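Below you'll find the structure, written out as structure tokens, and then a few comments.
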There are 2 protein chains.
Amino acid sequence: MSVEPIRDRRSERRQATIDEILETAWRLARVEGLAGLSLRELAAEVGMRPQSLYSYFDSKHDIYDAMFAAGYRQLLARQAEWEMVGEPHADVRTMADTFIGFCTEDPVRYQLLFQRTIPGFEPSPESFTLAVQCLDVTVAQLAELGIDDPRHIDLFTAIGTGLTDQQISNDPGGDRWTRLIDDATAMFLHHVSSSTPATRSRRKRP
Amino acid sequence: MSVEPIRDRRSERRQATIDEILETAWRLARVEGLAGLSLRELAAEVGMRPQSLYSYFDSKHDIYDAMFAAGYRQLLARQAEWEMVGEPHADVRTMADTFIGFCTEDPVRYQLLFQRTIPGFEPSPESFTLAVQCLDVTVAQLAELGIDDPRHIDLFTAIGTGLTDQQISNDPGGDRWTRLIDDATAMFLHHVSSSTPATRSRRKRP
DNA sequence: GTCTATATCCAGATAGAC
DNA sequence: GTCTATCTGGATATAGAC
């Protein structure tokens, strides 16, 4: 009987082509800019006619969406490698390092994942779910450290994106803002610990 | 003699047309996205043929450049209205309110002025000078308050862009992050005041 | 200054043959 | 799946009439 194919060579080949297209798309986007990505050039780089790309993706936005999902899967993988020690400063620093490092090492990916600069592009619900998961992981980890005030969480994400944004915009490739991560971590944690826990819960370590 | 024209009606008319083109360009960019601005639609909206725009601007990038300069002149005007009282918290808050309010009230303007998302667009040296002036005003004002450590200045700009970025990206039109400005100001000022001013901005351990 | 007319080049997308 | 052929449209630029 021939109805239990362990591998589907056709699917594998198709997936390999899709992967190659996406890899090439990332490379071109880093050179030409995210919005400057051209299907003609993309097709030429993978040895196809532009129209043939439509066998793999419904539209240019569909390619952006696949890149969006791939980017968030990479960030989720990075977060899965976290080794927390239970000490707030070290752990918050680890979280900030992960996020800011991930963003600054590939500004085009940061632009696609965290800014909305492609006219008309909205991630699909499935892709957006990955973005929500990343935030959930962050929120859960902060809660482990006793940081559960929504305002504190929002402040943390603002500090992370702020350092990232300034680093990318005003000192690309340098460390003018990334070297401030340790100071910013201390600043943030002092603020959290000095907030009046009147209406909010404080550290809840069982 | 007839060589003392108080007004040049021809120049005035030309300038009025330029202003109308730029106003329309802003309006379209807010609808279509900054990168989605089209010269055809822009010309149609001001009642011209697309080619006629070239009588006023050399290229599309030249239009972006004029918008860039106009945006920074608006921010400079906003900064010129500052009424400082000499009290760090109030004054830093005023500065943060000005910047974040200016950015969030027009995300497209923020994108053009502070992010680099138009492939191939670089502001002209003359326009870039305006951006430098805005930063100079901020740095000078922080110095008035005794904040002159470059790391503190960089941290301040990072907090401002972080709150702005999160507000625009994740709660457009709301106040989820802008309402944190007061907390962030206190957090920042405590960090500044607890740093040792003598050595290399290391955190002091009392 | 603005128009008509024209030109090239590039872009995303679709139809249908093989 | 890939191709040829074709469509619509944008960006840039130049010609010359009025």
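Note: hydrogens, waters and symmetry copies are ignored here, and every other heavy atom, side chains too, is used. In the text below, chain A, chain B and the rest are named by the order of the sequence lines, each starting its count at 1. Keep in mind the model is a prediction, meaning the values are calculated, not measured.
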Let me see the working for H190(A) and H190(B) under side chain to side chain donor-acceptor pair (under 3.5 Å), right down to the final yes or no. CA-CA 9 Å; H190(A) 177 272; H190(B) 177 273; 3.1 Å; yes
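- Computed from coordinates, the E41(A) CD to dG12(C) P distance equals 10 Å when rounded to whole Å.
- Surrounding CD of E105(A) are more than 12 heavy atoms belonging to other residues, nucleotides or ligands, all under 6.0 Å away.
- For the contact set between residues 54-66 of chain B and DNA chain D, defined by any heavy atom under 4.0 Å, the members are Y54(B), D58(B), K60(B).
- Classified by interplanar angle (parallel below 30°, tilted 30° to 60°, perpendicular above 60°), the ring pair H152(A)/F188(A) is perpendicular.
- Checked options L75(B), L113(B), L76(B); the residue passing with L130(B) is L76(B) (criterion: side chain to side chain contact (heavy atoms under 4.5 Å, CB included)).
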Assess whether side chain to side chain donor-acceptor pair (under 3.5 Å) is satisfied between D165(A) and Q115(A), documenting all intermediate values. CA-CA 10 Å; D165(A) 226 59; Q115(A) 301 181 311; 3.2 Å; yes
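- Proximity note for S38(A) (side chain, C-beta onward) versus dA11(C), dG10(D), dA13(C): the nearest is dA11(C).
- Residue E45(B) contributes atom CD, which lies 13 Å from atom P of dG10(D) at whole-angstrom precision.
- Between F121(B) and H61(B), the two ring planes are perpendicular [angle over 60°; tilted spans 30° to 60°].
- The separation of dT12(D) from dA5(C), taken at their P atoms, amounts to 23 Å, rounded to a whole angstrom.
- Here G120(B) lies out of heavy-atom contact (under 4.0 Å) with every strand.
- Remark: S52(A) is in phosphate contact with dC3(D), judged by side-chain N or O atoms under 4.0 Å from OP1 or OP2.
- Separation of the H191(A) and H191(B) ring centroids does not fall under the 6.0 Å cut-off.
- Straight-line distance from the CZ atom of R49(B) to the P atom of dT6(C): 14 Å, rounded to whole Å.
- The side chain of R40(A) lies closest to dG12(C) when the candidates are dA11(D), dT2(C), dG12(C).
- Residue Y72(B) forms a ring pair (Phe, Tyr, Trp, His ring centres under 6.0 Å) with just one option from F114(B), F102(B), Y110(B), and that option is F114(B).
- Distance from the side chain of M48(A) is smallest for dC3(D) among the nucleotides dC3(D), dC3(C), dT6(C).
- Computed from coordinates, the L53(A) CG to dT2(D) C1' distance equals 11 Å when rounded to whole Å.
- Taking every heavy atom of residues 13-37 of chain B and every atom of DNA chain D, pairs under 4.0 Å involve L37(B), by number.
- Of the candidates dT14(D), dG10(D), dT14(C), the closest approach to any side-chain atom of Q51(B) belongs to dT14(D).
- For the atom pair CD1 (I181(A)) and CD1 (I100(A)), the distance works out to 3.5 Å, reported to the nearest 0.5 Å.
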